[in-house]
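Naming convention: chains lettered A, B, ... in sequence-line order (proteins, then strands); numbering from 1 in each chain. Owing to the predicted nature of the structure, the values given are computational and were not obtained by experimental measurement.
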Protein chains: 2
Amino acid sequence: MVDPHTSAIIDGWLERLQDNGCRRTAPRQAVVEVVASSEYVLNPFEVFEQARQHYPGLGLVTVYRTIEKLEEIGLLQRVHRPSGCQGFVAAFRGHQHLLICQDCGRVEMFGGDIEKMDGLVAEVEKDSGYHIQEHWLQLFGTCSECQRGVNP
Amino acid sequence: MVDPHTSAIIDGWLERLQDNGCRRTAPRQAVVEVVASSEYVLNPFEVFEQARQHYPGLGLVTVYRTIEKLEEIGLLQRVHRPSGCQGFVAAFRGHQHLLICQDCGRVEMFGGDIEKMDGLVAEVEKDSGYHIQEHWLQLFGTCSECQRGVNP
DNA sequence: TTTTATGCAAAGTATTTGCACGGGA
DNA sequence: TCCCGTGCAAATACTTTGCATAAAA
């Protein structure tokens with residue numbers, strides 16, 4: 001049901017939680033099982049619904065608390081979209097360079113030459129006098145599956 | 001108290017509201033006076049507080065309703081930040097290419113060569129198979145005034 | 001045994017809606 | 001006059017907190 005690769009990821013996340021002073025518990029594991037492997041943006045309630053299938057006694061509050069912790073550790077990141085900002089995805093290495101499907105919520109990190117970005121940031125920093133600490137680059141569109149009408 | 005240039009902008013916004021089926025009223029004007037000329041991100045309550053100085057009887061609900069209308073028309077845009085997504089600024093022409101001070105909330109549009117962005121978008125579109133409809137690029141930093149400790 | 005985690009219920013926040021009155025056109 | 005706009009109060013949605021119990025280390 002859960003492939004070995006996914007299971008290793010989940011275990012890694014639980015270990016990271018332990019390293020940060022959290023205990024390994026069934027409710028947390030249920031939440032991690034959902035968010036660590038999903039390639040879609042999920043809001044707390046969606047995580048709750050899915051994780052409850054792994055651990056029926058789960059409370060929504062525990063989902064909120066676990067998400068908070070995972071975000072703090074850097075394993076989850078919040079995704080801001082025109083339609084709202086309650087969603088989360090597994091954090092990608094590096095910055096918020098996200099490609100998001102507005103139909104199904106699938107999220108990908110995009111490649112392409114990102115060096116251009118660094119050049120642009122440096123340029124704006126010089127022109128504006130700002131000291132830039134962070135940047136977000138997000139592309140919104142329709143993934144190929146949704147273009148073909150595959151997803152519901 | 002209000003310079004002619006600013007006053008013309010406010011009048012333009014009120015006209016745009018009228019073109020969109022809204023009446024010209026004192027409460028709306030008070031809201032527009034605040035948001036049309038501010039270079040800072042303001043949340044609904046901040047707009048309320050400031051606009052109340054122009055029109056003391058103003059209700060918070062009217063602020064929400066006016067902001068909603070202005071966003072719909074495209075005169076205001078919501079600003080998403082690590083610290084929250086309740087803020088608005090006067091909409092800049094074109095896309096969300098924002099340079100935001102994390103200390104004082106000042107927002108600027110940035111120049112620099114944005115063509116790079118268009119190239120990057122086209123590249124990602126080709127590589128990913130997505131049909132990209134929109135993109136957000138936001139830089140977060142500290143403006144020169146805040147670096148010098150000018151703002152409170 | 002000691003301390004953290006959990007779920008429930010309650011409390012906060014932020015935003016939206018219902019409604020009777022008042023003011024624009 | 002007619003109808004939209006307004007403020008108030010209430011309702012709703014989302015998230016956080018307090019607390020007694022349960023479970024991990």
Side-chain angles (χ1 to χ4, degrees), chain A residues 11 13-35 41-73 76 78-88, chain B residues 10-11 13-35 41-73 76-88:
Chain A
D11 226 63
W13 283 44
L14 291 170
E15 219 162 276
R16 285 286 302 277
L17 281 168
Q18 284 191 300
D19 295 344
N20 283 271
C22 295
R23 290 172 176 175
R24 187 182 281 245
T25 68
R28 270 184 192 144
Q29 174 154 354
V31 171
V32 169
E33 279 172 358
V34 171
V35 294
V41 179
L42 298 175
N43 66 37
F45 191 77
E46 290 167 336
V47 172
F48 173 62
E49 288 181 308
Q50 295 187 26
R52 221 167 12 168
Q53 295 174 6
H54 300 284
Y55 183 81
L58 183 66
L60 179 57
V61 178
T62 296
V63 174
Y64 273 100
R65 287 192 275 229
T66 304
I67 286 176
E68 183 184 29
K69 196 74 191 175
L70 291 170
E71 193 187 7
E72 195 183 308
I73 297 177
L76 272 188
R78 186 179 291 269
V79 177
H80 301 262
R81 290 180 290 180
S83 58
C85 306
Q86 301 73 41
F88 292 85
Chain B
I10 292 166
D11 225 63
W13 284 43
L14 291 170
E15 218 162 277
R16 286 285 302 278
L17 281 168
Q18 283 190 301
D19 294 344
N20 283 271
C22 295
R23 291 174 177 175
R24 186 182 281 245
T25 68
R28 270 181 193 147
Q29 172 154 355
V31 171
V32 169
E33 279 172 0
V34 170
V35 295
V41 180
L42 298 175
N43 66 38
F45 191 77
E46 290 166 336
V47 172
F48 173 61
E49 287 181 308
Q50 294 187 27
R52 225 174 1 175
Q53 294 173 8
H54 300 285
Y55 183 81
L58 184 66
L60 179 56
V61 178
T62 297
V63 174
Y64 274 100
R65 287 192 274 229
T66 304
I67 286 176
E68 184 183 28
K69 195 74 192 177
L70 291 171
E71 194 186 8
E72 196 183 307
I73 297 177
L76 272 188
Q77 73 176 227
R78 188 180 290 269
V79 177
H80 301 262
R81 291 180 290 180
S83 59
C85 308
Q86 300 73 43
F88 292 84

J.: In Å, rounded to the nearest 0.5 Å, how long is the span from CZ of A:Arg78 to CD1 of A:Ile67?
T.: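 Nearest 0.5 Å value for the CZ-CD1 distance: 8.5 Å.
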
J.: Map B:Cys85 and B:Ala26 onto DNA chain C by nearest heavy atom, then report which one ends up closer to the 5' terminus.
T.: B:Cys85

J.: Ignoring hydrogens and geometry, is there a side-chain-to-backbone donor-acceptor pair from A:Arg28 to A:Arg23 under 3.5 Å?
T.: yes

J.: Give a yes/no on whether any side-chain N or O of A:Arg65 is located under 4.0 angstrom from OP1 or OP2 of D:dT17.
T.: no

J.: So, is A:Tyr64 near the phosphate of D:dT15, with a side-chain N or O under 4.0 Å from OP1 or OP2?
T.: yes

J.: Could you check if a side-chain atom of B:Val32 sits within less than 4.5 angstrom of a side-chain atom of B:Leu70, using non-hydrogen atoms only?
T.: yes

J.: Let me spell it out: for each of A:Arg23 and A:Pro44, pick the nucleotide of DNA chain D with the closest heavy atom. Which residue's pick is nearer the 5' end?
T.: A:Pro44

J.: Would you say the side chains of B:Gln29 and B:Glu33 form a donor-acceptor pair under 3.5 Å?
T.: yes

J.: Let me know the distance between CZ of B:Arg28 and P of D:dG5, rounded to the nearest Å.
T.: 4 Å

J.: Between atom CD in A:Glu68 and atom P in D:dT16, what is the gap in whole Å?
T.: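 It is 6 Å, rounded to the nearest whole Å.
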
J.: What is the first contacted nucleotide of DNA chain C and what is the last, in 5' to 3' order, if contact means an atom lying under 4.0 angstrom from a heavy atom of chain B?
T.: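 Contact span on the strand: C:dA14 to C:dA25.
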
J.: If we ignore hydrogens and angles and just use 3.5 Å, is the side chain of A:Glu49 paired with the main-chain N or O of A:Glu46 as donor and acceptor?
T.: no

J.: Quick one: closest heavy-atom pair of A:Leu60 and A:Phe48, and the distance?
T.: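 Answer, listing the atom of A:Leu60 first, then A:Phe48: N-CE1, 3.4 Å.
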
J.: What is the distance from NZ of B:Lys69 to C1' of D:dT6, rounded to the nearest Å?
T.: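 Answer to the nearest Å: 16 Å.
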
J.: Return the value, rounded to whole Å, for the distance between atom CD of A:Glu46 and atom C1' of D:dA13.
T.: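 Result: 15 Å.
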
J.: Given atom CG of A:Leu58 and atom P of D:dA22, what is their separation to the nearest angstrom?
T.: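 Whole-Å distance recorded here is 18 Å.
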
J.: Can you measure A:Asn43 atom CG to D:dA13 atom P for me and round it to whole angstrom units?
T.: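 Rounding to the nearest Å, CG of A:Asn43 and P of D:dA13 are 14 Å apart.
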
J.: On DNA chain C, compare the nucleotides closest to B:Leu60 and B:Gln18; which residue's is nearer the 5' end?
T.: B:Leu60

J.: I want to check something: taking the side chain as every heavy atom from C-beta on, are B:Tyr55 and B:Thr25 in contact at a cut-off of under 4.5 Å?
T.: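 They are not in contact (no side-chain heavy atoms under 4.5 Å apart), so the answer is no.
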
